[in-house]
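Counting starts at 1 for both ligands and their atoms, following the listed order.
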Amino acid sequence: MSKAKIGVLVSGGGTNLQALIDAQTAGKLPSGEIALVIANNADAYALTRAKNAGIPTAVVLKKDCGSQEAFETALMDMLNKNGIDLIVLAGFMAILSERFTKSYPRRIINVHPSLIPSFCGKGFYGLHVHEAALAYGVKVTGATVHFVNEIPDGGEIILQKAVAIRKNDTPETLQKRVMRLAEWKILPAAAELVCREIITERTGD
Ligand code: GAR
């Protein structure tokens, strides 16, 4: 039975991409295969991680495309040409339009570093999410993997994992712990769940 082809969209360090690669190596992603990594930033270290793992890479820059629409068309062309079944946003710091998200219903997933619906939506990304959680004074935070629709961080939740906040946490220490204890676990697990669903639909089982 052929595996679902995964395209991973990245912008930065790519530790979540690494978690997917490590899961694949460990046999924990049996229904999927990471087939392409696309960055919207030529300096993203995620590109090096992909190359080290022998995964094809591409860079698509919005400034070269001229508009958000042209940028998304370039992404879609690349994803479609490579036969990508599942798009994983792994630290992809760009909001995608309704035209893009509606083209892939239940076929785009995103990892977000909080327990949605807390600390999510426009402006909540990366370290800012952890700054906001600490400023609010919540005692528990975590990570969420969800389907992507036209509402930023508003699609159906697939998996969540809670992480306790410690008294002396800084945004940086909290970010690292949320990644290690939550994101790097639930992202590969959710990717496997959706890939299995894709394969099942394909074979009509
Ligand atoms: C991760 O914490 C991810 O959850 C977050 O950016 C970081 C990327 O790290 N994504 C968002 O905030 C999206 N709203 P990585 O490049 O090392 O995976």
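Atoms of ligand 1 lying under 4.0 Å from at least one heavy atom of Met179, given by number and element, are 1 (C), 2 (O), 9 (O), 17 (O). Using a 4.0 Å cut-off to heavy atoms of His112, the atoms of ligand 1 that qualify are 14 (N). Each of the following atoms of ligand 1 lies closer than 4.0 Å to a heavy atom of Tyr125: 12 (O), 14 (N). Residue contact check: Phe124 has heavy atoms under 4.0 Å from atoms 14 (N) of ligand 1. Within ligand 1, counting atoms from 1 as listed, the ones closer than 4.0 Å to a heavy atom of Glu183 are 1 (C), 2 (O), 3 (C), 4 (O).
For the residue pair Phe124 and His112, the shortest heavy atom distance occurs at O-CE1, 3.4 Å. The two residues Lys5 and Asn82 make their nearest non-hydrogen contact at NZ-O, 3.0 Å. Counting all heavy atoms, side chain and backbone alike, Ser114 lies closest to Thr141 at CA-OG1, 4.0 Å.
Summary of contacts: the protein heavy atom closest to atom 13 (C) of ligand 1 is Val111 O, 4.0 Å. Of all protein heavy atoms, the one lying nearest to atom 12 (O) of ligand 1 is Gly126 N, 2.8 Å. Nearest protein heavy-atom contact of atom 8 (C) of ligand 1 is Gly91 CA, 3.6 Å. Of all protein heavy atoms, the one lying nearest to atom 16 (O) of ligand 1 is Gly14 N, 2.8 Å.
Under a 3.5 Å cut-off, the side chain of Gln68 and the backbone N or O of Ile95 do form a donor-acceptor pair.
Environment of CZ in Arg166: sparse, with no more than 12 heavy atoms of neighbouring residues, nucleotides or ligands closer than 6.0 Å.
Remark: ligand 1 and Asn16 share an N or O pair separated by less than 3.5 Å (distance only, no angle test). The distance criterion of under 3.5 Å between nitrogen or oxygen atoms is not met by Asp153 with respect to ligand 1.
In this structure, Arg49 CZ and Asn52 CG are separated by 9.0 Å, a value rounded to the nearest 0.5 Å. Interatomic distance, CD of Gln24 versus CD of Glu192, reported as 10.5 Å (0.5 Å rounding). Between Cys65 atom SG and Leu75 atom CG the span is 7.5 Å, to the nearest 0.5 Å.
Following chains of ILVMFWY side-chain contacts shorter than 4.5 Å, one cannot reach Leu174 starting from Ile116, and the two form parts of different hydrophobic clusters.
Of the heavy atoms in Phe92, none comes closer than 4.0 Å to ligand 1.
Distances shorter than 4.0 angstrom do not occur between any heavy atom of Tyr45 and any atom of ligand 1.
Between Gln18, His130, Met93, Lys176, it is Met93 that holds the heavy atom closest to atom 6 (O) of ligand 1.
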